[in-house]
Amino acid sequence: MKTVYSPLHHRRTAVSELDGGVLIPPHENPNRAETILARVKDQQLGEVLPPESHGLAPIRRIHSDRYIEFLEHCWRDWQAEGKPGEAIPAVWSGRGMRERLPKDIDGRLGFYSFAAETSITDGTWEAARAAVDVALTAQALVAGGERAAFALCRPPGHHAAEELFGGYCFFNNAGIAAQAFLDQGAKRVAILDVDFHHGNGTQSIFYQRSDVLTLSLHGDPDLVFPHFLGFEDETGEGDGEGYNLNITYPPNTPFEVWREGLETACQRIVDYAPDALIIALGVDTFEEDPISFFKLKSSDYLTLGQRLAELGLPTLFTMEGGYDVDAIGVNVVNVLKGFEG
Ligand SMILES: NCCCNCCCCCS
Ligand SMILES: [Mg+2]
Ligand SMILES: [Zn+2]
């Protein structure tokens, strides 16, 4: 299986994440991608390719122009105000307030985000753009006939909505790739999110559409991020009714239980008969993950990959979460090796 990787992910080297009332070194750090890349090479998974540039057009198919403009200029505008730290949202439109876009940078940060753990800093724009190019380059490999390809994206994307950043995400790499498949002639695309957290951005982008089936297995949002979306009664709206599936699990869920949800999701995908499958691959389902509460073991990721291969679909893997950096390489490549059989 080919991997697409860009060293430009290093441009996203934030120094602060708001956690527990203090600023900590971010969980979503460059070592994640480097550890995965090293394991890809160590296991001789396949060729590692640089991304081709795809420009803004594919991003504009999913994210609004004003949101893209905001991301491009946020750091400049923040610095212009002489703020000492990284750009972190601190004020939002609470219930009963207005949903209008303010001029001020603090207001705009709140308007375009849903969480405060994700800072914007110098280079975030470049890294987020490169992650999209990585996803689209891998998508082109699959559209061009490869059975599967791995987009080693960093920063991740599944929490990013049309006009929202958060959860370490800025552009929805998997969603942009799904739209690219459709723009190139696919009729139906399924996005299966196996990250520990609900893919709220992916769900909301396609919530009223039936040409993209979105499915996510994740920790009960009553207990974990993103807290305000991802419940099992969210099944889609309008044309999209029936084309969103959320399966939630409690703390300490082991693979034996989690795989039942995977089976349900796989059956739904078979019924949907998509032209392509995108796996939003987070491995924060791992038993040692520092911010999650499932109990999957490294060997379970081999089984996960095997099960996904049985769907027999052209498959794009986009890298999402996973924060036990020592184990992330083994766990990610186990999925891909399991898939290859
Ligand atoms: N104290 C941990 C808070 C985590 N909040 C964001 C989680 C984003 C996961 C991305 S896959
Ligand atoms: Mg998920
Ligand atoms: Zn996650």
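In listed order, ligands and their atoms are each counted from 1.
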One line per pair, note the atom names and distance for all nitrogen or oxygen contacts under 3.5 Å between ligand 1 and the protein.
residue  : atom  : partner : partner atom : Å
ligand 1 : 1 (N) : Asp19   : OD1          : 2.4

Q: Decide whether Glu162 and Ser204 meet the rule of one side-chain donor and one side-chain acceptor closer than 3.5 Å.
A: no
Q) Would one find more than 12 heavy atoms of other residues, nucleotides or ligands at under 6.0 Å from atom NZ of Lys337? A) yes
(Q) Testing Tyr168, Phe171, Phe225 one by one against His159 for a ring pair (Phe, Tyr, Trp, His ring centres under 6.0 Å), which residue passes? (A) Phe225
Q: Assign the ring pair Phe286 / Tyr301 to parallel, tilted or perpendicular, where the plane angle (0 to 90°) is split at 30° and 60°.
A: tilted
Q) Going through the checks in order, is the side chain to side chain donor-acceptor pair (under 3.5 Å) test met by Asn244 and Gln203? A) CA-CA 7 Å; Asn244 186 76; Gln203 172 175 310; 3.0 Å; yes
Q) Between Arg307 and Asp300, is there a salt bridge with N-O shorter than 4.0 Å? A) no
Q) Ignoring hydrogens and geometry, is there a side-chain-to-backbone donor-acceptor pair from His218 to Asp195 under 3.5 Å? A) no
Q) According to the salt bridge (Lys or Arg N to Asp or Glu O under 4.0 Å) rule, which pairs have a member within residues 174-187, sequence neighbours left out? A) Arg61-Asp183
Q | Count, waters excluded, of protein N, O or S atoms under 2.8 Å from the Zn ion (ligand 3) | A | 3
Q | Phe317 ring center within less than 6.0 Å of Phe150 ring center | A | no
Q) Is there a donor-acceptor contact under 3.5 Å from the side chain of His54 to the main chain of Glu52? A) yes
Q: Taking only Lys NZ, Arg NE, NH1 and NH2, and the carboxylate oxygens of Asp or Glu, determine whether Glu69 and Arg66 approach each other closer than 4.0 Å.
A: no
Q | Crowding at CZ, Phe228 (>12 non-hydrogen neighbours, <6.0 Å) | A | no
(Q) I need the protein N, O or S atoms closer than 2.8 Å to the Mg ion (ligand 2), given as residue plus atom name. (A) Asp193 OD1, Asp195 O, His197 O, Ser216 OG, Leu217 O
(Q) Please determine whether the number of non-hydrogen atoms from other residues, nucleotides or ligands lying under 6.0 Å from atom CD of Gln44 exceeds 12. (A) no
